[in-house]
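Any value given below was found using the heavy atoms of this structure, including those in side chains, with hydrogens, waters and symmetry copies removed.
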Amino acid sequence: QELPETVLLKFFRPENTPVPPRPTPEQLSNLIKTSLHYPESFNHSFHQKSLCLVPVTLLLSNCSQAVVDVMIDLRHKPTSSEALEIHGSFTWLGQTQYKLQLKGQEVYSLQLKACFVHTGVYNLGTPRVFAKLVDQVTLFETSQQNSMPALIIINNI
């Protein structure tokens, strides 16, 4: 009886297998770029209609190549009394939280409505945006960098 021939198994592993680097907190806070599009000033007759509704577009741009989970929270209000004195208070109408997923480099447009009851200068830059990589196992999203104040002037006609 002949012994079966023994074959050595060789395992190959490419030497330069890239290990995906963990994103830094700074990179995670810059996954999504946001911009608000709205009229600089808006004329409204408060005598005819007490509520002034202004359409606002929130543009979300995924700055990464990865798929990103995004959460938008419109319920945030400036807490400092100084901000309220200068800009006054307004309300976002409709849904106050959104959850969506953006593919790599995707741009998404979210239509919002701001509601004002008085004339004045207001800061529309209150939406808080949180994001995390889809494959990232974290319990919470990273807050995204907030843009500059987005001021709008509401005039009575």
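Here the CG-OG1 distance, from L53 to T91, works out to 10.5 Å after rounding to the nearest 0.5 Å. Going from atom NZ of K49 over to atom NE2 of H44 covers 7.0 Å, rounded to the nearest 0.5 Å. To the nearest 0.5 Å, the span separating CZ on R128 from CD on Q97 amounts to 9.5 Å. H118 NE2 to S89 OG: the interatomic distance, rounded to the nearest 0.5 Å, is 9.5 Å.
Between V54 and I154, the closest side-chain pair of non-hydrogen atoms falls below 4.5 Å. Under the 4.5 Å side-chain criterion, counting only non-hydrogen atoms from C-beta, I32 is in contact with V68.
Taking the side-chain hydrogen bond (donor to acceptor under 3.5 Å, both in side chains) definition, one finds that H37 meets it with S35, sequence neighbours left out. Take S45 and apply the side-chain contact (heavy atoms from CB on, under 4.5 Å) test, not counting sequence neighbours, and it matches H47, Q48, I157. For the side-chain hydrogen bond (donor to acceptor under 3.5 Å, both in side chains) test, residues two or more places apart in sequence or in another chain that qualify with Q101 are D69. Under the ring pair (Phe, Tyr, Trp, His ring centres under 6.0 Å) criterion, F116 pairs with F90, Y122, sequence neighbours left out. Among residues two or more places apart in sequence or in another chain, the side-chain contact (heavy atoms from CB on, under 4.5 Å) test is passed with S41 by I153, N155. A search for side-chain contact (heavy atoms from CB on, under 4.5 Å) contacts involving L100 returns L60, V70, I72, Y98, L102, Y108, not counting sequence neighbours.
Other members of the hydrophobic cluster containing V117, listed by chain and number, are L51; membership follows side-chain contacts under 4.5 Å among ILVMFWY residues, whether direct or relayed.
The shortest non-hydrogen separation linking P39 to P55 is CD-O, 4.0 Å. When all heavy atoms are compared, the tightest approach of L133 to A66 is CD2-CB, 3.7 Å.
Within the structure, every pair that satisfies the side chain to side chain donor-acceptor pair (under 3.5 Å) test and touches residues 51-66, not counting sequence neighbours, is listed here: T57-Q111, N62-S64.
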**Message:** Does L36 form a side-chain contact (heavy atoms from CB on, under 4.5 Å) with V56? I'd like the steps, not just the answer.
**Reply:** CA-CA 7 Å; L36 286 167; V56 177; 3.7 Å; yes
**Request:** Go through C115 and W92 one step at a time and tell me if the side-chain contact (heavy atoms from CB on, under 4.5 Å) criterion holds.
**Result:** CA-CA 6 Å; C115 178; W92 291 107; over 6 Å; no
**Message:** Working note: T34 + L58, criterion side-chain contact (heavy atoms from CB on, under 4.5 Å); need CA distance, chi angles, decisive distance, verdict.
**Reply:** CA-CA 7 Å; T34 61; L58 175 60; 4.1 Å; yes
